[in-house]
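One structure is given below, encoded as structure tokens.
A, B, ... follow the sequence lines: proteins, then strands. Residue 1 opens every chain.
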Number of protein chains: 2
Amino acid sequence: MSKDRAPTRIQKKNRAAILEAALNVFSAYGFRGATVDQIAAEAGLSKPNLLYYFPSKEAIHTALLSGLLEIWLAPLHDLDADGDPLEEIRAYIHRKLQMSRELPRESRLFANELVQGAPRIHDALSNDLKTLMDEKTAILTAWMEQGKIARLHPYHLIFSIWALTQHYADFDVQVRAILGDEDPYEGAEPFIDTLYRKLLAP
Amino acid sequence: MSKDRAPTRIQKKNRAAILEAALNVFSAYGFRGATVDQIAAEAGLSKPNLLYYFPSKEAIHTALLSGLLEIWLAPLHDLDADGDPLEEIRAYIHRKLQMSRELPRESRLFANELVQGAPRIHDALSNDLKTLMDEKTAILTAWMEQGKIARLHPYHLIFSIWALTQHYADFDVQVRAILGDEDPYEGAEPFIDTLYRKLLAP
DNA sequence: TCTTGATTTGACCATCTGGTCAAACTCACG
DNA sequence: CGTGAGTTTGACCAGATGGTCAAATCAAGA
């Protein structure tokens with residue numbers, strides 16, 4: 001592979017195809033359960049060809065995760081201290097729920113990693129995520145002290161939003177086994193909205 | 001192994017040791033990520049000896065899951081139509097949260113399975129779980145119609161309880177990366193209690 | 001104690017899996 | 001075109017993994 005040149009047309013196409021395929025396979029089977037052959041087949045490449053673009057299975061996984069982490073945390077990043085408290089939080093919830101609906105594979109990719117102790121993203125959790133959390137919970141705390149929203153444990157407030165929204169992507173099979181044909185998000189959206197409206201009222 | 005006789009002392013001990021070891025390993029690495037050698041070592045047996053008690057890796061996993069499913073659904077089973085609505089629900093939440101705290105491995109065992117599409121317990125979800133859900137949501141709906149609790153989508157109400165309680169077991173690493181030394185359940189218990197108190201008020 | 005069934009194990013096997021490599025092929029550009 | 005860099009592949013390898021088996025060891029009742 002070229003040393004440091006700008007990526008060729010083919011490189012761009014194949015790298016993208018590999019990451020897309022890896023997202024499918026890793027999110028469905030976990031790191032250990034996924035095989036390089038499977039990813040290669042799904043990307044329409046031979047295994048050696050895939051390994052021409054990424055040095056190892058681990059490298060693909062890392063590239064995927066770090067590439068997606070930013071997207072994943074973006075909604076929380078957007079929480080604005082200067083906006084209307086209730087509206088900001090509701091917007092955050094709305095974006096998170098939308099992400100569960102539109103990016104369920106990404107959600108399950110992280111879920112797989114987390115359930116198994118996050119061996120490959122432990123650092124990102126303790127650094128990037130922790131920092132972002134501290135920053136945003138400070139905003140929540142300020143709102144609480146100003147009496148703009150109910151006084152609650154700010155960390156658990158965020159946890160609850162994560163839990164409620166990602167549940168629908170991560171445990172999709174279970175939700176659908178119970179709801180049958182009913183669209184999960186049809187009911188989830190108003191339910192969660194009501195929940196936080198009641199919870200956050202000062 | 002004996003055909004159908006009562007299990008010997010040794011059989012009892014070893015089967016129990018295997019299931020205990022398998023719970024550790026499967027919950028931490030998922031089905032595919034776990035190895036028979038690892039389970040055998042953790043159970044203090046040689047691999048062939050382990051396979052003398054269970055015919056295959058799959059069989060161990062199945063035995064574990066079906067053996068635990070009952071325990072797992074017990075709290076919901078206990079929800080009593082004749083009790084006080086709010087107290088019944090709060091007691092259910094309390095039991096679920098306690099299970100997350102005391103049986104995190106079991107929670108992650110199911111989480112691993114669910115995130116990956118529940119290939120091995122799909123039937124149990126559509127049958128046992130679905131049946132139990134329908135039965136219990138009927139109770140909730142009745143309570144709502146009697147004006148004893150707020151009118152909400154009963155399925156999503158249960159989902160929310162699952163999501164909020166299991167989050168602490170399943171994504172333990174993430175929670176701890178953020179809370180540091182603080183005991184997650186210390187804050188979670190009152191937070192969740194407050195949440196449902198506000199949510200369910202008619 | 002002796003015997004018989006239960007238990008344990010070392011050696012082994014087939015398959016899968018991540019990864020390598022040299023050779024072949026393709027493409028873009030002068 | 002021709003050429004060199006970029007791309008692709010068949011063949012291959014070492015180690016891991018699930019599982020088998022015959023032989024050895026152990027335990028408990030007659």
(request) Starting from C1' on C:dT20, measure out to NZ on A:Lys57 and report it in whole angstrom. (result) 17 Å
(request) Using whole Å, report how far OH of B:Tyr29 lies from P of D:dG18. (result) 14 Å
(request) Write down the distance between CG (A:Leu51) and P (D:dC13), rounded to a whole number of angstrom. (result) 18 Å
(request) Starting from C1' on C:dG10, measure out to CG on B:Leu50 and report it in whole angstrom. (result) 16 Å
Strictly under 3.5 Å: I want the nitrogen or oxygen pairs between protein and nucleotides 27-30 of chain D, one per line.
| unit_1 | atom_1 | unit_2 | atom_2 | d |
| --- | --- | --- | --- | --- |
| D:dA28 | OP1 | B:Arg9 | NH2 | 3.1 |

(request) Can you tell me the distance, in whole Å, between the NZ atom of A:Lys13 and the C1' atom of C:dC27? (result) 12 Å
(request) Please state whether the phosphate of C:dT7, meaning OP1 or OP2, lies under 4.0 angstrom from any side-chain nitrogen or oxygen of B:Thr8. (result) yes
(message) I need the A:Leu103 CG to A:Phe110 CZ distance, nearest 0.5 Å.
(response) 10.5 Å
(message) Give the residues of residues 31-46 of chain B touching DNA chain D, defined as any heavy atom closer than 4.0 Å, sorted by residue number.
(response) B:Ala34, B:Thr35, B:Val36
(request) Take A:Tyr29 and A:Asn24, measure what side-chain hydrogen bond (donor to acceptor under 3.5 Å, both in side chains) needs, and give me the verdict at the end. (result) CA-CA 9 Å; A:Tyr29 302 95; A:Asn24 278 331; over 6 Å; no
(request) Compute the ring centroids of B:His94 and B:Tyr196, then answer whether they are less than 6.0 Å apart. (result) no
(message) What I'd like to find out is whether the side chain of A:Asp84 reaches to under 4.5 Å of the side chain of A:Trp143, using heavy atoms alone.
(response) no
(message) Please give me the minimum heavy-atom distance between A:Pro184 and A:Arg176, naming the atom from each residue.
(response) CD-NH1, 3.6 Å
(request) Can you tell me the distance, in whole Å, between the NE2 atom of B:His61 and the P atom of D:dG19? (result) 13 Å
(request) Return the value, rounded to whole Å, for the distance between atom CG of A:Asn49 and atom C1' of C:dT26. (result) 12 Å
(message) Are there over 12 heavy-atom neighbours, none belonging to B:Glu70, within less than 6.0 Å of that residue's CD?
(response) no
(request) Find the distance B:Lys47:NZ to D:dC21:C1' and express it as a whole number of Å. (result) 13 Å
(message) Any carboxylate oxygen within less than 4.0 angstrom of a Lys/Arg side-chain nitrogen, looking at B:Lys136 and B:Glu88?
(response) no
(message) Looking at C:dA6, I'd like to know if its phosphate oxygens (OP1 or OP2) sit under 4.0 Å from a side-chain N or O belonging to B:Asn14.
(response) no
(request) May I ask you to evaluate whether A:Gln11 reaches the phosphate of D:dT7, defined as a side-chain N or O under 4.0 Å from OP1 or OP2? (result) yes
(request) Taking atom types as modelled, find out whether B:Tyr168 and A:His156 have a side-chain donor-acceptor pair closer than 3.5 angstrom. (result) yes
(request) Answer yes or no: are there more than 12 heavy-atom neighbours, outside A:Tyr92 itself, under 6.0 Å from its atom OH? (result) yes
(request) Please check the phosphate of C:dG19 (OP1 and OP2 only) for any side-chain N or O of A:Tyr52 closer than 4.0 Å. (result) no
(request) Verify the neighbour count for atom CZ of B:Phe191: are there more than 12 heavy atoms of other residues, nucleotides or ligands below 6.0 Å? (result) yes
(request) Taking only heavy atoms on the protein side, list every residue of residues 16-28 of chain A lying under 4.0 Å from any atom of DNA chain C, sorted numerically. (result) none
(request) Determine, stepwise, if the pair A:His153 / B:Glu186 fulfils side-chain hydrogen bond (donor to acceptor under 3.5 Å, both in side chains). (result) CA-CA 11 Å; A:His153 193 307; B:Glu186 198 90 16; over 6 Å; no
(request) Find the distance between CG (B:Leu109) and CG (B:Leu65) and round it off to the nearest 0.5 Å. (result) 5.0 Å
